[in-house]
Every structure is written in structure tokens, then in C-alpha cells.
Amino acid sequence: MARYNPKESEPKWRKAWETAQVFKPQPPESGLPKYYVLEMFPYPSGRLHMGHVRNYALGDVIARFKRARGFNVLHPMGWDAFGLPAENAAMERGVDPKAWTYDNIERMREGLKELGLSIDWTREFATCDAAYYGQQQSWFQDLWARGLVYRREGIVNWDPVDQTVLANEQVVDGRGWRSGAVVEKRKLNQWFMRITDYADDLIEGLKTLDRWPDKVRTMQENWIGRSKGLKFAFNWAGSAPAGFDQGLEVYTTRPDTLFGASFVGIAPDHPLAEQLASDPKVAAFIAECRKGGASEAEIETAEKIGYDTGLFVSHPFDPDWKLPVWIANFILMDYGTGAIFACPAHDQRDLDFARKYDLPVKPVVLPPGEDAATWNVETEAYTGPGTIFRSQFLDGLEIEPAKAMAIARIEAADQGKGATVYRLRDWGVARQRGWGCPIPVVHCDDCGIVAVPKDQLPVALPEDLDFSKPGNALLRHPTWRHTTCPSCGKAATRETDTLDTFVDSSWYFARFTNPTASTPIDKTAADYWLPVDQYVGGIEHAVLHLLYARYITRALCDEGMLSVKEPFAGLFTQGMVTHETYRRQSGEWVEPGEVEVITEGGIRRAVIAATGEQVVIGDSEKMSKSKRNVVAPEEIFQVYGVDAARLFVLSDSPPERDTGWSASGVEGAWRFVNRVWAEFDSQAEGPVPALDDADVAACALRTVTHKTIKALTDAVEGFRFNSGIARLYEFLNALKAAPAERASSGVQAARAEALSVFARLVAPFTPHLAEECWNRIGGEGMVVAAPWPVYDPALTEEAVRVLPVQVNGKRRGEISAPAGAEPAEVEKLVMADAEITRRLEGLTIRKVIVVKDRIVNIVAG
RNA sequence: GCCGCCGUAGCUCAGUGGUAGAGCGCAUCCUUGGUAAGGCUGAGGUCGGCAGUUCAAUCCUGCCCGGCGGCACCA
């Protein structure tokens, strides 16, 4: 009997899989039912971390499971390889970003391969391969030709640390999502992708994504922020300010409350406000508004302030009714038109403002059951349902019909139009960085901006970029930007901006379907494989990558390059891997490897192993360098093997939740691996006896076997990997309860069946161990190619049921009855039971409830 | 403030309208030629709280408490 040795077994089976090319899918022409499993591809940092282990292990379980279920599975891997870390490494250490990146890829690939993932490595590519980004430049040209890409001057988010423009999605709480620096507003010429063209469709599409977490769908819906309302212009009461002859255009979602209007407000950076700023008092007020911070907390607590411009507009339904125009700090320029009409009675912001500046508050919506004569608004705006009153032609209408009526009137008077407004802005895609996909255009003094013809693509990065200084290395390259105009042939300069790396990751899943195609996408391959059936990744991309990818997929679909609008039919967002933190009294963080945790009298304390110094055990937090609570996967693989590491991250908690890494946890997984092997190794070799249905012990084991197949299959289908694994633990305990030694021939046969099932069930989680076990019991071929076991429904039911017997809802005993026994029969058995009858002494039986095969309850008093 | 998720053994989590479970940890014992280990046995639970529905609630319903996440001057 030999102990299980992962160091020997694991590389052996990885080699065997590679030799047999078992993870290479059949081509589209096979017509087989397909299943595309994809995990978000990694940034090649060069180091594998536990988050990767969890992410890729999760996807691998699905891929291996679906393969065993007969699907033609595509499970590829690549690298999201452009981006700032390479530039920072270049600047700090003087290395070449390209060499650094490809070096990292080598190391990461090794680490991922060690994980034993069922990946078709022949499809691997990196986004920094010219072969990939050249194809990206190709479809970029197509989108530009169609007007989906454009260049305009605009106010953009400028990250002063990373020295680049950021998209709105990449600014969190007023700070750059990577650098954490406070973002500045700058007016720049910028490249945009017209994602707003698809705003409606992106919202509508969410409804079809029934295998996405609700949470992510809600987040995207919020981000797009669609609202329906009315855009109309107020006419000036008096002479119009210069340039505003057409009136003052506002946007509202509550046209039903127009008769409750109190004033009109404009944003401090509204063009009209800027014009009025020639008055020093107005300028001073605007400056005051800009002082406030950008963080949510600051916005939340900021007091509403306003400035009365002295201008008046006329009410659209009553020219004699004059409304004052205020500049107010709570109005946002980049939403709607940057101007509003205020109805304080039915909007809290307007009410706060009106009370402060003593402006009129006129309720026009009467809540159900209230009396029009007495109903009033004091400090709380009423935003609920009701009937419109004090509003002329709207009187008596409910809110929705009133909205429609008001819009119709405004439209009839040609003063405005019903309008849908979005929070979503167009996607700013240019980055002033050298390590990215060059935007393939040339600036010509005569011809303007000219696309580089497709036969001249890729516009490749030069090899000799200088990254020693901050800023855009492409811009300061001595020769690269100088070229000739593709159109007129005269001297011209290349665009030196590169594309946001989120563009790179917006179509890689499509490229995987044929990574060597001479066009961006091989339609035959894409039509067969897409959409991705199961996508796995972190929740942090809920509105970044996942929104961009949905948009680009739509754009490429309209371009005729793809046939699907939604790239990811199923999405699973996994939780983080956390670890306890340890600190010395001095506050210094201590690595888990240096710490020894001792439990005494039920109290856990931790000391530094080498010195015995007491350290404070802190919260479990996401593994991070700064808190030094990182556990390196490679070290775990060395000690316990890959399978134990996989098993632990899969078994510890539900996959969508955070999981806490612990040394004792992985040791438990490692012990399980050994117990599994010991069980297989104890099985007698040689011919297997026939199954014997008369053998009670054998039947009991078979019942467990078949119940486990059912439960585990359901668990994997429902992403409850941890509960599936819990069933395997129980299954193993049942096997141990029917040991091979001294087993009857029936039990021997049931054990053989159980072991064969076990090896296949455990294979998605601990694939190497499963192969070793499968091999030990003489399984045919490799377990990776073995079909998933099928349960026999007849065997998932026990023939004899143990029924608990309750008296007045409390358990007082149990009886055995044949499965399916009728109530009358069960009642007879109950009344024959001495323990039960003793409990019933002196009581009158009022009712006996028998739930077939489940329980008996006697109501007595 | 709004929305969502979660609360079961010391810890991490399964589970079910009907006998409360697993792993780790803990305790006792066995083994010491499976040994930088293995095994037996055991203790430990008001299933967050309160009400309701029910013959029966950890499970269903309502309210409350606690934790986590998302959104939030978007007119």
C-alpha cells in the first residue's frame, strides 16, 4: 500500500492529457452540441495568486463536467497584456515592457498549467501580439467608417498620476480606479466610441440574460440610467440673453407637475451661467459651487446654494406666469440639459432649496384619501401616487396620464418633445500611453484624419520605445510618428494615442473561436461557439468590461461580423480569497508563513514562530501585498499538491461568496485526498463479483452511490460546488463504513460500483487524483474521457423507511416501515410500538397524521 | 435613504415544512513497521430575535436586530 504522492501523479497525468490532446475541441463542422466555458483572462503580472486559483478552478469544474456530459467544450486561455503595469516596471527597473510582459506570460502559463486546467492551449494569444491588435485595428476602422468612433473636443477625466484620460466608468468617487489619484477635468480632443447609440438595446438585452446575477443586471441598468420625460424650452419673459433666443431648454421626468413650478434652475457650469459670470458676483458664486469635493459623502452633505439671476421665463401653459431663473449648485450640467424647472412640493431637492430661499411651494398631486382643501407639504416632498389638482387641464388625472397629456400639449405647441435621457456617456477610448494598441489613423494637414488602409495594418508599436520618463512614449519616439498620408502621400503624423485596454478585452472571446483567422473574426467558428455559455469572473467588472464587451459585440454584430448581440449567455461572479491578517504590537503586518496559530482552551492566539512574539489576529481580508496576508499558490502546490489546493478553494464556501484561506483548511483537503486514495487502494484487485440485490448492506451502499450522483450533479449544475463536495465527503464516509476487508461479495460489487462513480464525480474537482484512482480500479481509458455517471432512480429510494414518531409535535420514537406504506398500515405499526404506547398512556388520541415515507405525528391530550 | 444578499456547532459552511449535518478545531483513547502520519469515540446547537400560518417552523409569512455589497442631488 503506497501513500498518494501528488508530486509524482500530478505531472504524470498532465502529461498524459497533453499527449492525448483531450482538451482540444472538435471543429464547428462536427455539429456536436457545444459548450463554451470562459474565465476572464488574466493580466500577466507574472505571479499566480489564490484569486486566480479559485477563478480558474471554478471554470475548470464546469468545463470538465460539461465534457463528461457529452458536450464539445471550448475552454481557452489568453492574456490581457497591454496596460500600465508594464510601463511602470519599465520606468522603475529599466526593463523593456514587451520583454517584461512576455516573460511574465511564460511564468504565468507555467503556473496555470500546473493547476491542471482543461484548457486548449493551442488557442492562446496575448492582446499585445501584433497579430491580435492588428485585427482590432481592422474592426476599429470599420466602426469609424460607420460613425461609431468619433473624435471631438470635450471635457474629460484626466488622471495626473497615470497621465492619461480615463472613461467615466474608470472614475470611482472622483478618483482614478487604478492610481487612486483625484481626477482633474481637462478639455481635450478625444476619441470616443458611441456606446450611447446602444443604450436602449443594452438595457433591453439585460432582460434576456436570465443566467446573469440580478445584482450585475441592476448595476448595469443603474449605470445606463435611462429615464423618460420631456425636453422643452421656456420662453423668456423680457429680452433674451445673448445666444439664448430659442429660450431656455430644460429636461423633466415630471411634466405632470408643471403647474407646481416654482422656479427654473441651471447648473453652475451651464453656458448661460458662464455668460452671466461676466458679473463678478455671479463669477464668485460659481467659484463657490466648484469648491465642493467630488466624493459621494461630500455631495450628500453639501448644502444647497443658489443665486438669483434676476432673469425670468414664462410658464409654458400661462404666458403671464413668470418664473425666476436661479443658478443652483445641485443641478448637474452633464445630465439632461443642465437646466430644470423646480416643483418643490414633489421633489425633495427642490423643496430644500425653496424653503431656504423662500420660494413658493404649490402641491399639485393629491395623495389618495387626502382632502384637497387641507393637504399640504411642509418639509417632506410628496413623490407617491395620487391625482393631479390645481392644474387646469390636468386636473383629475393620475400621474402617468397627466405626464402624457402635458407632453402632448407641449408638442402640439411645438415648444418641446417627449425625450429619453441616459446617464451613460460615450466611451472615451484613447489613452496617452505607449504600451497599448495604436489608434490606426494618420493626421494630415491637407486631408485631415485618415484611416490607415487595412492592407497596411497592423500599425505596430516600435520596438525601441523609451519608457524611462513619465508620459506617452509613442509621442516622444524620434521617428515612429512621422509617416506619409495614405491619401495624398504628403508628410503626415501618426496618432500617438492608444486604445483603452478595455477595448482589447471587448472581443477576445470571439477571437478565441479561431485565433489565427486572417480577418478579426472567423464567422463560421464564431457562429458555432458563441455566445459563451458560461463566463466566470470577478464582480468588479460589472459595469466596466461586461458593459463594454456587450457594446462591442452589438457593434460587430451590426457590422455583420457576429450573429449574436449578447456575448455571455451565462455569467458567474466569484468571491475573493481572503486571509486572516496578523500585526505586531508595533502595527507592522506579519506574513502568515511566519505565524503560528495556537488554540488553547478554545481561544486562538498567534505568535511569530521564530521568536514567540505575540501578534494580533485581525480580520480576514482580501489577500494583498500591503497587508502581507498573501499565500503563494506555488508553495501550497509544493506541500499539498494542486488537487488539495483546488479542492479547498472549491469546498470552503459557496463560489459567489468570499472564501477564507487557512492552513488548517487546506490540510483538511489534503487529508481528504489521502483518504480517497486509501479507499481506492484498499479495494481488492481482480474480477468484480456480481451485484446482489438481496444483500442489505450492499443495497444501502448502492443507495448512497446513486443518491450522491443525483445530488452532486444538481449541485454542479447550480454552482453549489461546496455542497457537492460535502456530498463527496459523506459518500466517502459511507464507503469507509462498508470496508473492503471481510466484505460480502455483494458489498464488494457495490464498492466497485461506488468507486467507479466516485472517481468520475471527483474528477472535475481533483482531476489528477481522479485519474490515479480510475487507473487503480482498472477504469477504461482516462477518467477525463469517461462519461458522467447516471443514477438509477429506483436506487435513490430506500426500501425500508425509518419514520420518526411525534407526539404533539415532539419526537418520541421511531418505527420502520416499508417504503410507500399506507397510513393505516403505519398507524398499526405505531400502536404496536411499546415506547410510543407508553408515551400515550393516559392521553386521548385526537388525531394521527401520517405523512407517507416521512413521519407520524400523534395529536393527543 | 433605497435595493439586494447573508445570519445553522468555537471557525468555514451544507441541509430540510417532519430524526439538525460535513470539514476544520477541541477532548478522550488506540496505533507507533501507513509515521513530518493514521484511526476510534465523544463533547459542543433556543438553526439572529419576536409574532403569525400549521397537527408540526431552522425552513413559509410579517416585523425587528446584526453583518456585507450595490446605488444615491440623474430633475
Any pair with a residue in residues 248-259 of chain A that passes salt bridge (Lys or Arg N to Asp or Glu O under 4.0 Å), sequence neighbours left out, goes on the list, sorted by first then second residue, please. A:Arg254-A:Asp256

According to salt bridge (Lys or Arg N to Asp or Glu O under 4.0 Å), does anything in residues 711-723 of chain A pair up with another residue at least two apart or in another chain? List the pairs. A:Lys66-A:Glu717, A:Arg69-A:Glu717, A:Lys710-A:Asp714

Expected rows: protein N/O vs nucleotides 12-15 of chain B N/O, under 3.5 Å:
{"residue": "B:U12", "atom": "O2'", "partner": "A:Asp652", "partner atom": "O", "Å": "2.9"}
{"residue": "B:U12", "atom": "O2'", "partner": "A:Asp652", "partner atom": "OD1", "Å": "2.9"}
{"residue": "B:U12", "atom": "O2'", "partner": "A:Asp652", "partner atom": "OD2", "Å": "2.9"}
{"residue": "B:C13", "atom": "O3'", "partner": "A:Asn722", "partner atom": "ND2", "Å": "3.3"}
{"residue": "B:C13", "atom": "O2'", "partner": "A:Asn722", "partner atom": "ND2", "Å": "3.3"}
{"residue": "B:A14", "atom": "OP1", "partner": "A:Asn722", "partner atom": "ND2", "Å": "3.4"}
{"residue": "B:A14", "atom": "O5'", "partner": "A:Asn722", "partner atom": "ND2", "Å": "3.2"}

When all nucleic acid strands are considered with a 4.0 Å heavy-atom cut-off, which category describes [X]: base, sugar-phosphate, or nothing?
X	answer
A:Tyr251	base
A:Ile725	nothing
A:Gly668	sugar-phosphate

Set of ring-ring contact (aromatic ring centres under 6.0 Å, His included) partners for A:Phe341, sequence neighbours left out: none

Tell me: [atom1] of [X] to [atom2] of [N], nearest whole Å?
X	N	atom1	atom2	value
A:Gln220	B:G69	CD	C1'	17 Å
A:Asp352	B:A72	CG	P	19 Å
A:Tyr4	B:G38	OH	P	16 Å
A:Gln348	B:C73	CD	C1'	11 Å
A:Phe648	B:C24	CZ	C1'	9 Å
A:Glu540	B:C68	CD	P	20 Å
A:Lys356	B:C73	NZ	P	18 Å
A:Phe731	B:G23	CZ	P	16 Å

Taking only residues two or more places apart in sequence, or in another chain, which ones meet A:Glu679 in a salt bridge (charged side-chain N to carboxylate O under 4.0 Å, His left out)? A:Arg751

Write down the distance separating the [atom1] atoms in [N] and [M], rounded off to the nearest Å.
N	M	atom1	answer
B:G62	B:U54	C1'	16 Å
B:A14	B:A22	C1'	7 Å
B:A56	B:G23	P	35 Å
B:A43	B:U28	C1'	10 Å
B:C6	B:G10	P	22 Å
B:U12	B:C71	P	26 Å
B:A37	B:U8	C1'	33 Å
B:U58	B:A9	P	15 Å

Check whether any side-chain nitrogen or oxygen of [X] sits under 4.0 Å from OP1 or OP2 of [N], and answer yes or no.
X	N	answer
A:Lys736	B:G39	yes
A:Arg675	B:A37	no
A:Asn733	B:G23	yes

Are the aromatic ring centres of [X] and [Y] under 6.0 angstrom apart?
X	Y	answer
A:Tyr729	A:Phe731	no
A:Trp661	A:Phe648	yes
A:Phe353	A:Trp326	yes

Can you find an N or O donor on one side and an acceptor on the other, under 3.5 Å apart, linking the side chain of A:Lys304 with the base of B:C73? yes

Where do A:Tyr422 and A:Asp200 land on the side-chain contact (heavy atoms from CB on, under 4.5 Å) test, with the steps shown first? CA-CA 9 Å; A:Tyr422 304 89; A:Asp200 267 317; 2.5 Å; yes

Nearest-nucleotide comparison on RNA chain B, the residue closer to the 5′ end among A:Met219 and A:Thr252: A:Met219

Which value, rounded to the nearest 0.5 Å, describes the distance between A:Ile305 atom CD1 and A:Glu288 atom CD? 5.0 Å

Would you say A:Glu540 has more than 12 foreign heavy atoms packed within less than 6.0 Å of its CD? yes

Pairing donors with acceptors under 3.5 angstrom, does anything connect the side chains of A:Tyr357 and A:Ser262? no

Tell me, which stems hold RNA chain B, with a stem being 3 or more Watson-Crick or G-U pairs in a row and both distances under 3.5 Å? B:1-7 with B:65-71, B:10-13 with B:21-24, B:48-52 with B:60-64

